Amino acid sequence: MTSSFLQPRGPGEDRETHTFRGGGRSRAAGSVNLERQAEGSEGAGTVLSYNPHINLTLTQQRQRLPIFKYRSQIMYLTEKYRTVVIIGETGSGKTTQIPQYLHEANWTGNGYVVGITQPRRVAATTVSPSLPTYLPLLVCLSVCVCRQVASRVADERGAMLGREVGYSIRFDSCCDPKQTRIKFLTDGMLVREMMKDPLLKDYSVMILDEAHERTLHTDIIVGLLRKIMKKRDDLRLIVSSATLDAELFKNFFETNPTRDSSRDTAVILTVEGRVFSVQPRYVKRPVANYVTSTVETVLALHREERNGDVLAFLTGQEEVDTAVAHLGEHASRSNKGMQLMAVPLYGGLPYGDQLKVFQRAPPNTRKVVVATNIAETSVTLPGIVFVVDCGFVKLRTFSLTTYLESLMVVPVSQSSAVQRAGRAGRVRTGKVFRLYTEDSYEKLEQTTVPEMQRSNLAPVILQLKALGVDNVLRFHFLSPPPADSMLHALELLYALGALDDDCQLTQPLGHNMAEFPLPPMFARMLLTSDTFGCSDEAVTITAMLQVHHVFNQTSRQKASAVSLFSISHYFRVNQFNKDPRWCQQHFLNYKGLCHAVSIREQLIKLLKRFKIPLTSCEGDPEPVQRCIVSGFFPNAARLHYTGSYRTVRGDHTLLIHPSSILHSERSPPWVVFNEVIQTSKQYMRDVTVIKPGWLYELAPHFYEYGTERELAEAKRRRTDAS
DNA sequence: GAGCACTGC
């Protein structure tokens with residue numbers, strides 16, 4: 001049995017109707033129905049359920065998707081316009097169907113490919129409560145959203161994954177350059193492809209899925225596509241977006257200079273989905289403490305509402321743990337009526353604990369998942385009927401005074417609030433309890449500030465340069481970042497040797513740095529590591545520092561580069577990556593360590609490509625420290641007599657993070673650091689002891705002279721202070 | 001002596 005009833009069609013053929021074979025069982029019949037998996041949240045959401053229409057063929061299933069009735073319209077608009085912005089509600093099936101419609105309409109003729117980008121590699125995992133308990137485990141191990149959606153589409157086409165339908169993500173690519181016609185890939189992967197093929201000449205149509213999430217990579221792609229489409233008038237673009245951003249995308253790609261709308265080149269189409277309504281409830285007056293208020297709200301709705309699981313949003317791990325603990329106390333105290341089961345969910349949670357949120361609550365028990373923003377896009381929970389939204393989120397911000405990134409708790413945007421509420425409307429009509437007034441909801445920002453406007457731009461600028469954008473200051477950004485932020489990034493890249501006096505990418509250093517999937521300072525450190533005779537150590541430390549959750553228990557967070565190095569060593573040498581128990585015993589995150597090992601292997605391959613030999617300094621710390629300085633000299637700080645630190649450039653006050661092993665020791669006079677996190681104070685993380693002489697030796701251009709702007713700024717600060 | 005939202009190459 002194949003799905004050969006869906007033959008590719010030429011442009012002249014009838015595209016409105018399908019024929020299908022009745023009778024016999026299709027491939028999917030009688031097994032778990034993966035259809036909703038593909039349609040739920042456009043592939044980002046996975047809802048597994050038993051096939052209710054056991055005798056439906058795959059074609060019939062496809063035709064039942066909400067998107068199906070827009071098929072001819074989408075095909076018409078794609079031919080008439082160059083850009084189609086599709087406002088697609090959750091559950092419309094657009095991720096899996098639109099590429100197939102295009103394929104069937106022969107957009108993949110002459111060897112062309114239809115590409116579909118996703119902002120995430122990991123599928124949003126969710127399971128139907130009706131599944132047996134062992135199934136969630138299987139589902140949660142599913143590899144990635146691209147693979148998942150691609151294999152669904154391959155199934156629907158009766159094709160083998162990796163032939164006609166393929167996918168490409170970091171560490172895992174499954175496509176055939178000659179045969180693949182529909183290709184799912186992460187947005188970051190497409191940026192990499194653009195470095196090799198700046199005009200994307202293999203593609204006839206590019207679909208940007210979930211573009212409203214406005215990741216750095218999506219925004220880079222969007223700006224570049226605008227350039228590409230000037231040179232390639234045959235290329236079509238389909239942007240899948242939320243309602244609020246649709247106009248922004250349309251106007252960005254519109255090339256019609258006249259007011260005559262019949263000459264428009266971009267258009268918006270709204271596609272309805274399958275969602276239930278969610279009624280909002282607001283508080284009468286602002287709450288004093290949203291954590292305790294969350295607990296109270298959950299308890300109140302537990303008393304008053306009929307059954308249905310609850311999802312509560314808080315901003316961070318600590319808040320989540322506090323709320324779960326409080327809910328647990330109440331649950332154990334009240335024994336009459338329905339029981340309460342509170343489970344935490346955040347990114348740093350060990351894998352086994354993360355799976356608990358998918359377990360069904362025992363009979364007569366209500367499940368309450370207290371989660372960070374991970375539940376807003378990355379993890380979709382089944383059976384949620386009530387949402388409690390604290391109204392805040394922890395967001396990355398980039399300071400224009402210190403030029404440091406930090407995490408800050410800020411009010412959510414309306415689109416974020418709507419997204420959170422939507423989590424209650426997947427099974428039946430739901431309710432959202434917003435811990436802010438209706439008035440303050442109206443005053444929230446409509447959309448979240450895109451990452452491009454709140455990030456350190458050095459990695460972005462480096463990539464744009466490598467992608468052939470000569471004048472980044474004049475690059476057409478969908479949302480232009482602050483000019484100051486761009487200038488800072490240019491200066492930093494210049495200091496790292498990636499750019500020359502004419503602001504061009506240096507050869508080979510700048511070009512090679514851009515090839516590394518790393519922040520520029522790490523890339524520079526690796527590319528010079530051989531001269532210190534410690535590229536082996538440098539590559540391991542770099543890989544370990546890319547992984548966020550190496551340690552499971554916060555109390556065990558005593559770590560330095562050196563101990564990270566030995567953990568990595570033991571993990572690899574002793575083949576412990578086959579044994580998660582070793583990690584558990586040592587409070588280490590198994591998944592995180594496996595990831596670090598993959599990154600390490602990838603980096604070693606790149607070093608090989610640039611003919612940098614793997615050398616080791618055999619335990620001598622100084623070469624490693626000097627090597628770190630060669631990349632991280634811009635992040636140098638010296639001990640101030642007050643006991644805190646001051647950055648060498650900018651004179652900003654910083655402290656060593658209490659989790660660092662250096663914190664308990666006598667404060668070293670000079671250090672460099674990887675990053676800063678701001679909580680009650682600004683803390684340096686991943687700190688290395690250095691000698692000041694190394695700064696002048698390894699980065700004389702940076703420390704002998706400041707830029708005029710910086711000198712003026714420092715002078716201004718001194719005068720302000722006095 | 002405090003405690004890092006989430007992705008991605």
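Predicted, not measured: the structure shown is a model, and the values here were computed from it. Lettering follows sequence order; numbering is per chain, from 1.
- The listed nucleotides are dG8(B), dA5(B), dC9(B); the one nearest the side chain of R120(A) is dG8(B).
- Per the geometry, CZ belonging to R420(A) stands 12 Å off P belonging to dC6(B), to the nearest Å.
- Of the options R423(A), R420(A), K394(A), a salt bridge (Lys or Arg N to Asp or Glu O under 4.0 Å) to E376(A) is made by R420(A) and by none of the others.
- Counting non-hydrogen atoms under 4.0 angstrom, T215(A) reaches nothing in the nucleic acid.
- In this structure, F522(A) atom CZ and dC9(B) atom C1' are separated by 14 Å, rounded to whole Å.
- Within 4.0 Å of L407(A), counting heavy atoms only, lies at least one base atom of the nucleic acid.
- Nearest-nucleotide positions on DNA chain B place L345(A) closer to the 5' end than the other of L345(A) and P519(A).
- Look at E405(A) and R454(A) and you find no salt bridge, because none of the NZ, NE, NH1 or NH2 atoms lies under 4.0 Å from a carboxylate O.
- Put simply, CZ on R396(A) is 12 Å from P on dT7(B), counting in whole angstrom units.
- D353(A) pairs by the salt bridge (charged side-chain N to carboxylate O under 4.0 Å, His left out) definition with K356(A), not counting sequence neighbours.
- Judged by closest nucleotide on DNA chain B, V393(A) is the one of V393(A) and F171(A) placed further toward the 5' end.
- Side chain of Y683(A), nearest nucleotide from dA2(B), dT7(B), dC9(B): dA2(B).
- Counting to the nearest Å, the P atom of dG8(B) and the NE2 atom of H595(A) are 8 Å from each other.
- Atom CG of L518(A) and atom P of dG8(B) are 16 Å apart (whole Å).
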Would you give me the side-chain donor-acceptor pairs under 3.5 Å for residues 514-521 of chain A, sequence neighbours excluded?
| residue | atom | partner | partner atom | Å |
| --- | --- | --- | --- | --- |
| E515(A) | OE1 | R609(A) | NH2 | 3.1 |

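- Among the nucleotides dC6(B), dA5(B), dC9(B), the one closest to the side chain of I169(A) is dC9(B).
- Computed from coordinates, the E675(A) CD to dA5(B) P distance equals 12 Å when rounded to whole Å.
- The nearest whole Å value for the distance from the CD atom in E376(A) to the P atom in dA5(B) is 15 Å.
- For F313(A) and dA5(B), the CZ to P distance is 15 Å, given to the nearest whole Å.
- For T186(A) and dT7(B), the shortest distance from a side-chain N or O to OP1 or OP2 is not below 4.0 Å.
- Counting only distance, with no hydrogens or angles, the side chain of S413(A) and the backbone of T448(A) share a donor-acceptor pair below 3.5 Å.
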